[in-house]
Q: 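This is the structure, below, for whatever I ask next.
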Amino acid sequence: QKEVEQNSGPLSVPEGAIASLNCTYSDRGSQSFFWYRQYSGKSPELIMSIYSNGDKEDGRFTAQLNKASQYVSLLIRDSQPSDSATYLCAAAYTGKLIFGQGTTLQVKP
Amino acid sequence: GAVVSQHPSRVICKSGTSVKIECRSLDFQATTMFWYRQFPKQSLMLMATSNEGSKATYEQGVEKDKFLINHASLTLSTLTVTSAHPEDSSFYICSAREGGAVSNQPQHFGDGTRLSIL
């Protein structure tokens with residue numbers, strides 16, 4: 001059973017702080033990893049893709065991948081109330097995405 | 001880039017009605033599209049993979065005669081929920097991806113269709 005696991009939260013951070021979201025995956029065959037943001041009642045929106053070990057930065061977002069530990073993370077710097085949403089971690093395997101349950105982030109003004 | 005359009009956004013209809021949902025990739029060609037269903041406070045559940053020019057591949061437990069998928073072109077896939085019943089009420093979301101069957105490109109999602117069967 002291929003699984004992606006996330007802490008469902010909610011993760012609460014004050015405005016301006018760094019939010020750290022974590023994800024583990026079970027299948028070492030997964031090579032591509034994605035973070036999606038989903039606002040309540042809306043569809044997922046791609047935030048970051050990461051394919052190799054290390055860090056990848058895009059604006060306030062940094063994705064980190066450690067294939068040896070089967071661990072993916074997303075850091076959000078200078079968190080804003082508009083970042084409050086559910087963040088879905090996904091691992092690609094044989095062309096499909098396996099999603100985690102999502103972590104709910106609450107950024108308090 | 002990578003825009004996926006899905007409509008209708010909301011459908012309310014009587015039990016027994018068939019409902020058709022369209023998913024279009026607007027600025028790229030999508031050999032493969034996906035259909036998901038999401039219940040409140042749950043993650044996305046993959047229903048089927050839609051392949052252009054061939055039959056869809058359904059996930060275990062998804063009735064192919066209930067959920068008809070057609071992928072007639074590189075930019076359009078349709079999902080028809082046949083003889084819908086209240087238990088089919090859910091949020092249906094499509095996604096599309098560039099590249100072939102096992103591409104590692106990200107999936108881009110449509111805005112979803114909220115289906116309510118009375």
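Values below: every heavy atom of this structure, side chains too, minus hydrogens, waters and symmetry copies.
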Q: Step through the shown structure and confirm whether more than 12 heavy atoms of other residues, nucleotides or ligands are within 6.0 Å of NZ on A:Lys108.
A: no
Q: Assess whether atom CG of B:Leu26 is packed by more than 12 heavy atoms of other residues, nucleotides or ligands within 6.0 Å.
A: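 Atom CG in B:Leu26 is packed in, count exceeds 12.
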Q: Quick check on A:Gln31 against chain B: is it the side chain, the backbone, both or neither that has a heavy atom closer than 4.5 Å?
A: neither
Q: Can you hop from A:Leu65 to A:Phe61 via hydrophobic side chains spaced under 4.5 Å?
A: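 Yes, A:Leu65 and A:Phe61 fall within the same hydrophobic cluster.
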Q: Nearest 0.5 Å, please: how far is OG1 in A:Thr94 from CG in B:Asn104?
A: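 Result: 12.5 Å between the selected atoms.
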Q: Using non-hydrogen atoms only, which part of A:Tyr51 is less than 4.5 Å away from chain B: side chain, backbone, both, or neither?
A: side chain
Q: Which region of A:Tyr93, side chain (C-beta onward) or backbone (N, CA, C, O), has a non-hydrogen atom less than 4.5 Å from a non-hydrogen atom of chain B, or is it both or neither?
A: neither
Q: Hydrophobic clustering (ILVMFWY, side-chain heavy atoms < 4.5 Å, transitive) - are A:Leu74 and A:Leu11 grouped together?
A: yes
Q: Counting only non-hydrogen atoms closer than 4.5 Å, does B:Gln6 touch chain A with its backbone (N, CA, C, O), its side chain (CB onward), both, or neither?
A: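 It is neither, since no heavy atom gets under 4.5 Å.
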Q: Given heavy-atom pairs under 4.5 angstrom as the criterion, report whether the side chain, backbone, both or neither of A:Gln38 touches chain B.
A: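 The answer is the side chain of A:Gln38.
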Q: Who in residues 105-115 of chain B is close to chain A, using a strict under-4.5 Å heavy-atom cut-off?
A: B:Gln105, B:Pro106, B:Gln107, B:His108, B:Phe109, B:Gly110, B:Asp111, B:Gly112, B:Arg114
Q: Does anything in residues 71-93 of chain B get under 4.5 Å of chain A by heavy atoms, and if so which residues?
A: B:Phe91, B:Ile93
Q: Let me check something: do A:Ile50 and A:Leu97 share a hydrophobic cluster, defined by ILVMFWY side-chain heavy atoms less than 4.5 Å apart, either directly or through other members?
A: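 No, A:Ile50 does not connect to A:Leu97 through the hydrophobic network.
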Q: Is it true that, when you exclude A:Glu5 itself, more than 12 heavy atoms of the residues, nucleotides or ligands shown sit nearer than 6.0 Å to its CD?
A: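 Not buried by this count: 12 neighbours or fewer within 6.0 Å.
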Q: Heavy-atom pairs under 4.5 Å with chain B: which of A:Ser49, A:Gly102, A:Ala92, A:Pro44 has the most?
A: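 So the answer, after comparing A:Ser49, A:Gly102, A:Ala92, A:Pro44, is A:Pro44.
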Q: Using non-hydrogen atoms only, which part of A:Leu88 is less than 4.5 Å away from chain B: side chain, backbone, both, or neither?
A: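 Side chain only.
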Q: Examine whether an atom of A:Ser43 lies under 4.5 Å from a heavy atom of chain B, and if so say whether it belongs to the side chain, the backbone or both; otherwise answer neither.
A: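 Looking at A:Ser43, backbone and side chain both touch chain B.
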Q: Got more than 12 heavy atoms from elsewhere within 6.0 Å of NZ, B:Lys66?
A: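 Counting other residues, nucleotides and ligands, NZ of B:Lys66 exceeds 12 neighbours.
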Q: Identify whether B:Leu44 and A:Ile47 are in the same connected component of the hydrophobic contact network (ILVMFWY, side-chain heavy atoms under 4.5 Å).
A: no
Q: Can you get from B:Met33 to B:Tyr36 by hopping between Ile, Leu, Val, Met, Phe, Trp and Tyr side chains that sit under 4.5 Å apart?
A: no
Q: For a quick test of reading the model, state the closest non-hydrogen atom pair linking B:Ser43 to A:Phe99 and the distance between them.
A: OG-CB, 3.6 Å
